[in-house]
Each structure stands twice: as C-alpha cells, then as structure tokens.
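Note sheet for the following structure.
In listed order, ligands and their atoms are each counted from 1.
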Amino acid sequence: MSIREIKKGIHFVGAIDWDRRLFDELIPLPDGTSYNAYLIQGETRTALIDTVDPTKENELVSNLKELNIEKIDYIIPNHAEQDHSGVIPKILEIYPNSKVVTNLKCKEFLKDLLLIPDEKFQVVNDKDTLSLGDKTLEFIIAPWVHWPETMLTYLHEDKILFPCDLFGSHLATSDLYARDEAKVYESAKRYYAEIMMPFRNNIKKHIDKLNNYEIEIIASSHGPIYEKPEFILNAYRDWISDDVKNEVVLPYVSMHGSTQKMVQYFIDELMKRNITVKPFNLPRTDIGELAIALVDTATVVLATPTVLVGPHPSAVYATYLLNALRPKVKFVSVIGSYSWGGKMLEQIKGMLTNINTEIIEPVIIKGYPGENDFKALNKLADDIFKKHKEIKII
Ligand code: FEO
C-alpha cells in the first residue's frame, strides 16, 4: 500500500517498484521506479489519472479498495504505454460504468494495445475541460513526450499538472515529494537522457505552452512529485537548450590494447587543454550513465578497433544510441586501430543520420600507435580545442 494524500480529495494510488532493474529490456534502472496513478475525487465525479504497470495491478486495486472507492467516472490515460495504461482493462472490469477519457490518437493506441472496446471511450481535444463538480480538469495535447499520443492533464482549482512521463524520474523512494534534490536531479536527468532527449524540440514548445498555466505541483507518473515546479522546469530548460559544455564524451572499446593506448594518450591531451573528458569503457558501461553524459557535451569521440571489417559491436551499439538519442552534440570524431583494413569509419558515419553534427578529422591507425599516430591525436585534440572556442560553451 502506498496511498498518500496530496491535497484534499487528491490521492497518490500508484505503486513503487523497488526491485525493477531494467525497463523495455533495455534501460538500466539502478534505483527502481514507480508508476504513479492519481485519484481525484470531486463533489460529483471521480477521476483516475493513469494506472500502473500490469505487474502492479493488485496494488492499484487494493489502494482503491482501501479508499472505499465505489465508482470511478473517468479513467484518464495521458499516455498509452503499458506501464501507465496496462491496468485500464482491470479498472473497467471493476468499475464498468467508467469512461476512458483521452485524445483520439491515444484511444486508437489503447484499442490496439489493450483491446479496449470503442464504446468505452470519450474523446477530448486540446484545451477541452472536464468537470468533477468542484474540480476542473483541462487536457493539453503534447505529442512526443515519449510517444505521439501523449497529453498532459491540468487540475485548475489545485494548480496541479499531471504530465505522465514528462519530467519523470525512474526513482523508487518512500518520499512522496522531491525533497532530496541532488538525487532526484540525477534520476530525472537520466530519465530525460534515456526517454525524452530525442524529443528536445517538441519539449521546448510544450514548456513554452505551460507558461500559460499557474502550476504549484507537478505530479509525473514516475518518481517523486515536485512541490517546487521550477526545480524540474529549470533543469529541463537547461537540458533542452542549445548550450553545450566544454566536454568530450569518449565511449571506447579495445581488444588487444592498441585502441586502449590511443584512448589513454588522448585523454591526457584533452586534459592538458582543459577539456573535461568522460571516458566510458563500453563493455563495462551502464548505458544510462553514457546517456546522461550525452545530454550536454559539445563533442563525442568514438574509439574502436576494427572487427570483421567494421566497428566493434560495442561501438556499433554506442553509435546507434548516439544517433537514436539525438543529443545536442556539435562535433563527432572517431579514433581506432585496424590490422588489415576495413570500413569501420564509413560504417560509423553511415549510422549517424539523425544528428546534425560536424565530423572532425578522425584518427584511424594501423596496428599499435607510434610517434606519428600520437601526433595525429595531438592534432585532433587541438582541433577540438579550437572548435570549442568557436561555439557558445557553458
Ligand atoms: Fe512511462 Fe512512456 O511510459
């Protein structure tokens, strides 16, 4: 049971998942997560905002039972992904007169994903309102704050924004509110990096729209609630801005030590030029840590040996993530070694189709690095230094 009252008639009825360590069989969750569902009881109507992951169905159902909830008029999915919508069929079974209130795209997704019948839905559009008697919900259509059907729900009288995934954090904590700001910041940045970063430009527009609303609480559907909205809004403004740091993120892998030697030398050269360098030994890296580093770095240098004429598979994975997560990185380069040739560089360049970045002259060498190779690495460090001087660095 993790019921908590946020304000009179507004309860957290979701579930904390202390043990989950992987999301989508992809994203590491070092601190677990939560699936936040919110029950809003107005004078005449009751609404449930989002549900929980199907693995936590019993907890949501028990929470509603404990609160003696006899009717739910509206189930409001802000997002169709199953970690929030997966228990809607069960809620409809228990409360058969409920209507699922959402936008048209979300309705179509829920029909496909959860086989919810058409007649159960009530479709809303941007800025539509729904009265619960003394409480009024407004729907803000905000596509691509994860999926294309996402929306936010704003509770006017209590000035609470329910943005589902947006502003969330994968953090299991007994704190209802984000009181440990350092920890929440780290978790929220990881969440942003892994989930939201590809949608940076959409988020900019949505945050501008939110300036029209007086917001006292942001209650996302993962992690603790923000009673100081500016804390997370300012963090997002920083992350989605075009500003980058005087940093080089250096994902690397080495098989027999040649690339490793280049990496060690290159790290020192960057440090001599007062450039912060963040190396990630890929076979031992938590990809969430790498994603966080990508949020505001100016440059990424991939370091890889050649395997079967291409990059090492660990470097392929890192390149894929770099391309998929679309960070605001300004410059990319590659360093690495080969024994008898290959198309490693061409393959890496061919994968970077989504990011608008300048490729700085790579350093690809034959065998173990020698004097001329170290000179080439010096030049690459010089090039990066000069490029960073030419752009706005924070
Ligand atoms: Fe938390 Fe996109 O689901």
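Salt-bridge annotation for E361 and K379: absent, with no side-chain N of the basic residue lying under 4.0 Å from a carboxylate O of the acidic one. Look at K366 and D373 and you find no salt bridge, because none of the NZ, NE, NH1 or NH2 atoms lies under 4.0 Å from a carboxylate O. Salt-bridge annotation for E216 and K7: present, with a side-chain N of the basic residue lying under 4.0 Å from a carboxylate O of the acidic one. Under a 4.0 Å N-O distance rule, the pair R273/D382 qualifies as a salt bridge.
The aromatic ring centres of Y226 and F167 sit 6.0 Å or more apart.
Listed by chain and number, the protein N, O or S atoms at a distance under 2.8 Å from atom 1 (Fe) of ligand 1 are D83 OD2, H84 NE2, D165 OD1, H222 NE2.
For the residue pair E138 / Y213, a side-chain donor-acceptor distance below 3.5 Å is found, with atom types taken as modelled.
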